[in-house]
K.L.:
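Have a look at this one.
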Amino acid sequence: MNTGLENEVDSYCIQKFESLLVSVPDFELNFEMFNNLVGERKLTRCLKYFEKTNLITGYSESVRKVPAKINFTQRVSKVNRKKISRGNTRMVFYPLSVDSRYHQAHKQEKEMFKLCFDTHTQKLISMHDKDFLDSDEARENIFISQETVACWKEAGGLDRALELHNDYMHRLIKYRHIRKSNKYDVRKYPGTQAAELLITEGGVTIERKYLSQFQFLLKRTQVMDSLSMFKYQSMPIDVVKASEGAIAMSQHRRDKAEVLDVIRKYRNQQRGNVRSNLLSFDVNIDGTLNALDESVSIVINESIHKQNLHLLKAKFNTHLVSISDRSNAAKLWLMMHFDGVSKIEDLFSRIMTSKDVSLVNNNPKLKVQLTTKAIKRLKKINKRILEAQQVWQPALVALAEFNNMTFRDKGSAKSEFSRLVHGAIRSNVDKWVLNEWNPQLDTLLSAFQSAQKNINSTTTLFNDVVTTINKVSDTGAHKVVAKMTFAQRLALLS
């Protein structure tokens with residue numbers, strides 16, 4: 001944990017130094033200048049490989065303000081001397097949501113984290129901080145520095161950009177007959193490569209807080225370009241109408257009306273469900289328990305199965321995210337959700353909203369029902385952890401036996417490790433991973449000693465979770481009833 005925080009602080013300081021170099025290139029930066037400009041700051045960082053998800057747990061009588069949905073393509077209109085002149089129609093992009101405003105106003109959502117190891121690649125984006133720019137310059141989210149543009153030209157950047165453009169146009173025109181292109185296909189948007197080139201190496205920088213919006217706009221532009229949306233602006237209307245996939249506006253309106261009719265029926269049904277839930281004062285934890293269950297399965301897979309296969313040289317990792325990063329993220333998730341849990345109320349606070357917890361505490365019958373449901377799911381999680389540990393028990397015993405042996409050469413050490421440890425692993429083993437691994441004997445033996453320590457540490461963490469779950473499960477329902485007043489126990493019987 002400490003190493004991770006130190007790495008984040010180091011990364012933050014490097015980014016600030018880079019921003020200062022872009023903003024004040026004429027000055028020689030040193031620690032004192034950096035400290036004076038940056039000062040004391042609160043550092044907030046995102047957790048890698050963690051993704052937020054909001055899960056519906058019920059509905060509250062209190063109403064939150066929900067803005068009206070104005071999701072339609074708008075036509076630009078101007079009023080001049082009481083005359084309305086119609087302009088062009090601008091496409092509006094909005095997130096797809098079929099939920100009613102009534103649902104949005106009353107819903108209770110619990111924010112939970114789930115593990116996500118998806119990756120993507122992108123061009124390097126140069127960034128700056130508004131804090132270090134002059135007041136006039138700081139107004140722009142996209143900043144062009146004359147000094148860095150001059151450096152880019154001196155380094156041959158402009159020549160490379162022109163060569164890139166000319167080669168593109170040459171290929172487009174030369175092979176237009178082979179591609180059966182017409183004049184409209186030649187006069188088309190060439191893509192985002194020019195913008196990416198300037199941002200990567202040309203003196204054009206993006207404000208750090210504007211980065212997510214810039215990435216959204218860049219991605220949207222790339223998607224529209226891949227759909228050839230930009231070519232229509234150079235075409236006459238008759239050619240656009242004759243294009244493949246073009247439909248009449250009247251047909252589009254009929255199609256949209258059919259879709260809206262389906263959405264209207266869904267929203268009417270949803271409003272009825274909301275009203276019935278408001279009357280019953282119910283709390284639904286199925287969604288959060290499912291999310292908890294799914295995440296624990298990922299943690300077991302990453303921190304036990306895949307980590308052990310990797311440490312014992314039984315499988316080769318082909319994922320872009322390293323095994324150690326995935327395993328550490330999974331174990332951090334496990335600690336965040338089970339550390340400090342000693343009673344069922346602690347678990348409820350992590351899978352329910354504060355309003356839901358208050359409602360459950362005031363409703364003895366509901367609390368017993370939800371406690372029984374949660375304990376049943378926790379026992380299944382416990383069983384899955386114990387089964388995973390049992391699968392690896394023979395291999396861990398063999399690893400401990402191997403680490404107590406002495407060897408004269410790495411050939412005999414590899415052979416004995418393969419016989420003892422790989423022979424005890426119940427899944428398929430890639431023998432070539434161990435065979436192709438070619439360290440010195442001391443390095444080999446040290447690696448397997450470290451592997452044993454790492455696996456034992458992970459086993460201890462999971463054992464603590466098993467103990468926690470057993471404690472909550474054994475005393476959960478009994479403790480809930482024991483804490484009730486006499487009046488609440490009578491209410492429970494009714």
Side-chain angles (χ1 to χ4, degrees), residues 46-67 69 95-118 263 266-267 269-302 329-330 332-341 343-363 366-382 384 465 468-469 472 476:
C46 294
L47 284 171
K48 269 187 176 181
Y49 315 121
F50 279 63
E51 192 176 79
K52 287 182 181 179
T53 179
N54 292 319
L55 300 167
I56 304 292
T57 59
Y59 297 93
S60 171
E61 287 185 317
S62 57
V63 182
R64 69 169 63 86
K65 189 175 181 181
V66 179
K69 294 178 181 178
L96 179 63
S97 175
V98 296
D99 292 324
S100 64
R101 286 182 70 189
Y102 191 60
H103 163 84
Q104 297 283 355
H106 290 278
K107 69 178 178 180
Q108 285 291 301
E109 286 183 319
K110 178 61 180 177
E111 184 180 85
M112 294 186 72
F113 287 104
K114 65 178 182 178
L115 292 164
C116 180
F117 300 111
D118 295 341
I263 293 173
Y266 170 80
R267 287 179 177 173
Q269 184 180 0
Q270 189 182 61
R271 291 185 190 99
N273 292 336
V274 174
R275 280 191 286 269
S276 62
N277 272 275
L278 288 173
L279 291 172
S280 62
F281 300 102
D282 195 15
V283 175
N284 183 8
I285 60 171
D286 290 340
T288 51
L289 285 177
N290 288 338
L292 191 75
D293 201 349
E294 289 169 11
S295 294
V296 169
S297 296
I298 294 172
V299 171
I300 292 171
N301 193 37
E302 296 293 344
L332 176 60
W333 183 95
L334 199 66
M335 288 187 285
M336 286 173 61
H337 288 79
F338 287 97
D339 271 11
V341 174
K343 51 186 184 294
I344 196 66
E345 287 81 5
D346 297 329
L347 181 69
F348 282 166
S349 67
R350 300 184 188 200
I351 64 172
M352 296 183 196
T353 64
S354 55
K355 284 187 177 180
D356 287 336
V357 171
S358 178
L359 177 64
V360 168
N361 287 334
N362 293 325
N363 189 330
L366 179 60
K367 189 170 185 178
V368 170
Q369 288 175 353
L370 296 182
T371 300
T372 306
K373 183 182 287 188
I375 288 173
K376 188 176 179 181
R377 188 64 65 92
L378 286 175
K379 286 181 177 178
K380 287 183 179 179
I381 290 173
N382 236 7
R384 205 175 305 132
V465 173
T468 297
I469 291 176
V472 172

K.L.:
L55 and G287: which non-hydrogen atoms are nearest, and at how many Å?
P.N.:
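Taking every non-hydrogen atom into account, CD1-O, 3.7 Å.
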
K.L.:
Go through the structure and list residues passing side-chain contact (heavy atoms from CB on, under 4.5 Å) with Y266, not counting sequence neighbours.
P.N.:
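Y266: side-chain contact (heavy atoms from CB on, under 4.5 Å) contacts with V98, D99, Q270.
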
K.L.:
Quick one: list whatever passes ring-ring contact (aromatic ring centres under 6.0 Å, His included) with F348, sequence neighbours left out.
P.N.:
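None.
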
K.L.:
Mind checking what makes salt bridge (Lys or Arg N to Asp or Glu O under 4.0 Å) contact with D346, not counting sequence neighbours?
P.N.:
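Result, salt bridge (Lys or Arg N to Asp or Glu O under 4.0 Å) vs D346: K343.
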
K.L.:
For T57, run the side-chain contact (heavy atoms from CB on, under 4.5 Å) check against T353, N284, V357 and tell me which one passes.
P.N.:
T353

K.L.:
Which residues pass the side chain to side chain donor-acceptor pair (under 3.5 Å) test with K355, sequence neighbours left out?
P.N.:
S62

K.L.:
For the residue pair Y49 and F117, does the interplanar ring angle fall in the parallel (under 30°), tilted (30 to 60°) or perpendicular (over 60°) class?
P.N.:
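The arrangement is tilted - the two ring planes meet at 30° to 60°.
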
K.L.:
Excluding sequence neighbours, so at least two apart, what forms side chain to side chain donor-acceptor pair (under 3.5 Å) with S358?
P.N.:
none

K.L.:
Minimum heavy-atom separation for Q104 and S97, please, with both atom names.
P.N.:
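That would be NE2-OG, 4.0 Å.
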
K.L.:
Going by side chain to side chain donor-acceptor pair (under 3.5 Å), name the residues that satisfy it together with H103, two or more places apart in sequence or in a different chain.
P.N.:
Y59

K.L.:
Indicate yes or no: at least one non-hydrogen side-chain atom of L347 is less than 4.5 angstrom from one of I344.
P.N.:
yes

K.L.:
With sequence neighbours excluded, what pairs up with S297 under the side-chain contact (heavy atoms from CB on, under 4.5 Å) test?
P.N.:
D293, R384

K.L.:
Rounded to the nearest 0.5 Å, what separates atom CG in N290 from atom CZ in R377?
P.N.:
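The distance works out to 4.5 Å.
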
K.L.:
Run through N277, N363, L359 and flag the one making a side-chain contact (heavy atoms from CB on, under 4.5 Å) with V283.
P.N.:
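Only one option passes, and that is L359.
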
K.L.:
Restricting to non-hydrogen atoms, name the atom on R350 and the atom on G340 that form the minimum distance, rounded to 0.1 Å.
P.N.:
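Taking R350 first and G340 second, the nearest heavy atoms are NH2-C, 3.9 Å.
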
K.L.:
In chain order, what residues pass the salt bridge (Lys or Arg N to Asp or Glu O under 4.0 Å) check against K107, with sequence neighbours excluded?
P.N.:
E109

K.L.:
Kindly assign one of parallel, tilted or perpendicular to the pair W333 and H337, based on the angle between their ring planes and the thresholds 30° and 60°.
P.N.:
parallel

K.L.:
For L334, give me all partners under side-chain contact (heavy atoms from CB on, under 4.5 Å), at least two apart in sequence or on another chain.
P.N.:
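Here the qualifying residues are V299, F338, L461, F462, V465.
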
K.L.:
With sequence neighbours left out, what residues match R271 under side chain to side chain donor-acceptor pair (under 3.5 Å)?
P.N.:
N268

K.L.:
Rounded to the nearest 0.5 Å, how far apart are CG of N361 and CG of L366?
P.N.:
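These two atoms lie 10.0 Å from each other.
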
K.L.:
I want to check something: taking the side chain as every heavy atom from C-beta on, are M352 and K110 in contact at a cut-off of under 4.5 Å?
P.N.:
no

K.L.:
If you round to the nearest 0.5 Å, how far is CD1 of I381 from CG of L292?
P.N.:
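Rounded to the nearest 0.5 Å, the CG-CD1 separation comes to 4.5 Å.
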
K.L.:
Identify, with sequence neighbours excluded, every residue that meets salt bridge (Lys or Arg N to Asp or Glu O under 4.0 Å) alongside E294.
P.N.:
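Testing E294 for salt bridge (Lys or Arg N to Asp or Glu O under 4.0 Å), a comparison that skips the adjacent residues, returns none.
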
K.L.:
In Å, rounded to the nearest 0.5 Å, how long is the span from OG of S354 to CD of Q108?
P.N.:
7.5 Å

K.L.:
Look up atom CD in E51 and atom CZ in F113, then write down how far apart they are to the nearest 0.5 Å.
P.N.:
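Output value for this atom pair is 11.0 Å.
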
K.L.:
Are any of the side-chain heavy atoms of K367 and E345 separated by less than 4.5 Å?
P.N.:
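With C-beta onward as the side chain, the pair touches.
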
K.L.:
Which residues pass the salt bridge (Lys or Arg N to Asp or Glu O under 4.0 Å) test with D286, not counting sequence neighbours?
P.N.:
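Salt bridge (Lys or Arg N to Asp or Glu O under 4.0 Å) check on D286 returns K373.
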
K.L.:
Given 3.5 Å as the limit, does a donor-acceptor pair link the side chain of H106 with the main chain of V63, or not?
P.N.:
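Such a contact is absent between H106 side chain and V63 backbone.
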
K.L.:
To the nearest 0.5 Å, what is the distance between CD1 (I285) and OG1 (T371)?
P.N.:
8.0 Å

